[in-house]
Each structure stands twice: as C-alpha cells, then as structure tokens.
Amino acid sequence: QVQLVETGGGSVQAGGSLKLSCTISEYSSNYCMGWFRQAPGKEREGVTSIYTSGNRPLYADSVKGRFTISGDILKNTLYLQMDSLKPEDTAMYYCAADPRPCDLFSRLVADEYKYRGQGTQVTVSS
C-alpha cells in the first residue's frame with residue numbers, strides 16, 4: 001500500500017507564496033502524480049499533474065502561471081510551489097499517485113488515482 005503525507009500548508013496573505021510537499025512511501029518514475037484541492041461546499045478540483053520523472057506537467061487553468069509542480073525522486077517527494085496566491089485558492093490540498101502512465105487516464109480527476117494523502121490546509125486571506 002502506497003502512503004502519501006502532505007506538509008507545508010498554512011495561512012498566508014493574498015499575493016504570498018507557499019510550498020507544499022508530499023512524501024511518498026513508494027516512488028517510481030512510472031507513477032503519475034497529482035495535486036488536488038477541495039474547498040468547503042465545493043467539488044474536488046484537479047490542480048496539477050506530472051510524471052514522477054518530472055516530465056509533462058499539466059495545470060488547471062485556474063493556477064496556470066502561478067503554481068509549479070515538481071518532484072525529487074531521491075527524496076521520494078512531490079512539491080507544489082504556489083505563488084501569487086488568491087483567496088479563492090483557500091482549500092484542503094491533497095496529493096495523489098497512480099501506477100498508470102499519466103496519458104492513460106484523466107489525470108486532473110482525483111477519483112482516477114489509486115492512492116491519496118490526507119491533505120494539508122491552505123488559507124489565503126485578502
């Protein structure tokens with residue numbers, strides 16, 4: 001069973017930055033990885049996705065140009081650098097992993113992933 005643990009959430013003012021980390025118990029370059037978020041009363045939203053090898057990042061339009069996904073295979077860690085944060089970015093952020101290649105499924109859909117972490121809260125104040 002693959003385990004994922006997110007850290008790095010917190011409170012920040014609009015325009016600020018946060019960097020989330022997701023430590024993965026089993027890190028394979030073939031895995032597809034993703035970050036998702038869910039705000040109270042809203043549906044879960046796909047934020048970004050990438051191969052653990054670091055190839056082919058994909059971003060939701062709502063975060064394109066502001067968020068950057070990356071991975072460090074040696075540290076078994078996936079990152080999400082969030083810049084120019086907005087109040088509407090406030091949500092619980094989750095990382096997810098799936099052993100299938102990213103091209104074989106809808107990788108900005110959270111339910112497509114086999115493994116998911118417990119989440120870390122991000123709050124952006126205006």
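Treat the numbers as computed from the prediction; the structure is a model and nothing was measured.
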Ignoring hydrogens and geometry, is there a side-chain-to-backbone donor-acceptor pair from [X] to [Y] under 3.5 Å?
{"X": "Glu6", "Y": "Leu20", "result": "no"}
{"X": "Tyr59", "Y": "Ile69", "result": "yes"}
{"X": "Arg44", "Y": "Arg37", "result": "no"}

Quick one: do Asp98 and Arg107 make a salt bridge, cutoff under 4.0 Å?
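Not counted as a salt bridge, because no side-chain N and carboxylate O are separated by less than 4.0 Å.
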Note: Asp61-Lys64 ion pair, threshold 4.0 Å (strictly below)
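So Asp61 pairs with Lys64 through a salt bridge.
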Donor + acceptor pair across side chains of Asp83, Ser17 (<3.5 Å):
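Checked: Asp83/Ser17 side chains pair up, N/O donor to acceptor below 3.5 Å.
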Please find the pair of heavy atoms, one from [X] and one from [Y], that lie closest to each other, and give the distance.
{"X": "Ala97", "Y": "Met33", "value": "CB-SD, 3.5 Å"}
{"X": "Leu108", "Y": "Val47", "value": "CD2-C, 4.1 Å"}
{"X": "Thr48", "Y": "Leu58", "value": "OG1-O, 2.8 Å"}
{"X": "Ala91", "Y": "Ala39", "value": "CB-N, 3.8 Å"}
{"X": "Ser106", "Y": "Glu112", "value": "O-CG, 3.5 Å"}
{"X": "Gly46", "Y": "Ala60", "value": "O-CB, 3.3 Å"}

With side chains defined as the heavy atoms from C-beta onward, is the minimum distance between [X] and [Y] less than 4.5 Å?
{"X": "Tyr115", "Y": "Ser25", "value": "no"}
{"X": "Phe105", "Y": "Arg100", "value": "yes"}
{"X": "Pro99", "Y": "Lys114", "value": "yes"}
{"X": "Tyr31", "Y": "Ile24", "value": "no"}
{"X": "Leu78", "Y": "Leu4", "value": "no"}
{"X": "Cys32", "Y": "Ser49", "value": "yes"}
{"X": "Val122", "Y": "Thr90", "value": "no"}
{"X": "Lys86", "Y": "Val63", "value": "no"}

Could you list who else is in Tyr94's hydrophobic cluster, with ILVMFWY side chains joined at under 4.5 Å, directly or through other members?
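Besides Tyr94, the cluster holds Met92.
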Which atom pairs, donor and acceptor, lie under 3.5 Å between side-chain atoms of residues 7-14 and protein residues at least two apart or in another chain?
none

Is it true that the NZ or CZ of Arg116 lies under 6.0 Å from the centre of Phe36's six-membered ring and within 45 degrees of the ring axis?
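No, Arg116 does not lie over the aromatic ring of Phe36.
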What about Val5 and Ile73, same hydrophobic cluster or not, with Ile/Leu/Val/Met/Phe/Trp/Tyr joined at side-chain heavy-atom distances under 4.5 Å?
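No; Ile73 is not reachable from Val5 via cluster members.
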Over 12 foreign heavy atoms within 6.0 Å of CD, Gln3
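Result for CD/Gln3: open.
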Is it true that atom CD of Gln81 has more than 12 heavy atoms of other residues, nucleotides or ligands lying nearer than 6.0 Å?
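Correct, the count exceeds 12.
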Results of side chain to side chain contact (heavy atoms under 4.5 Å, CB included) for Asp72 - residues two or more places apart only:
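Scan of Asp72 (side chain to side chain contact (heavy atoms under 4.5 Å, CB included), adjacent residues dropped) gives Leu74, Lys75, Tyr79.
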Which distance, rounded to the nearest 0.5 Å, do you find between the CG of Asp89 and the OG1 of Thr123?
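The CG atom of Asp89 sits 11.0 Å away from the OG1 atom of Thr123.
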What distance separates Lys19 NZ from Met82 CE, expressed to the nearest 0.5 Å?
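Going from NZ on Lys19 over to CE on Met82, the span is 11.5 Å.
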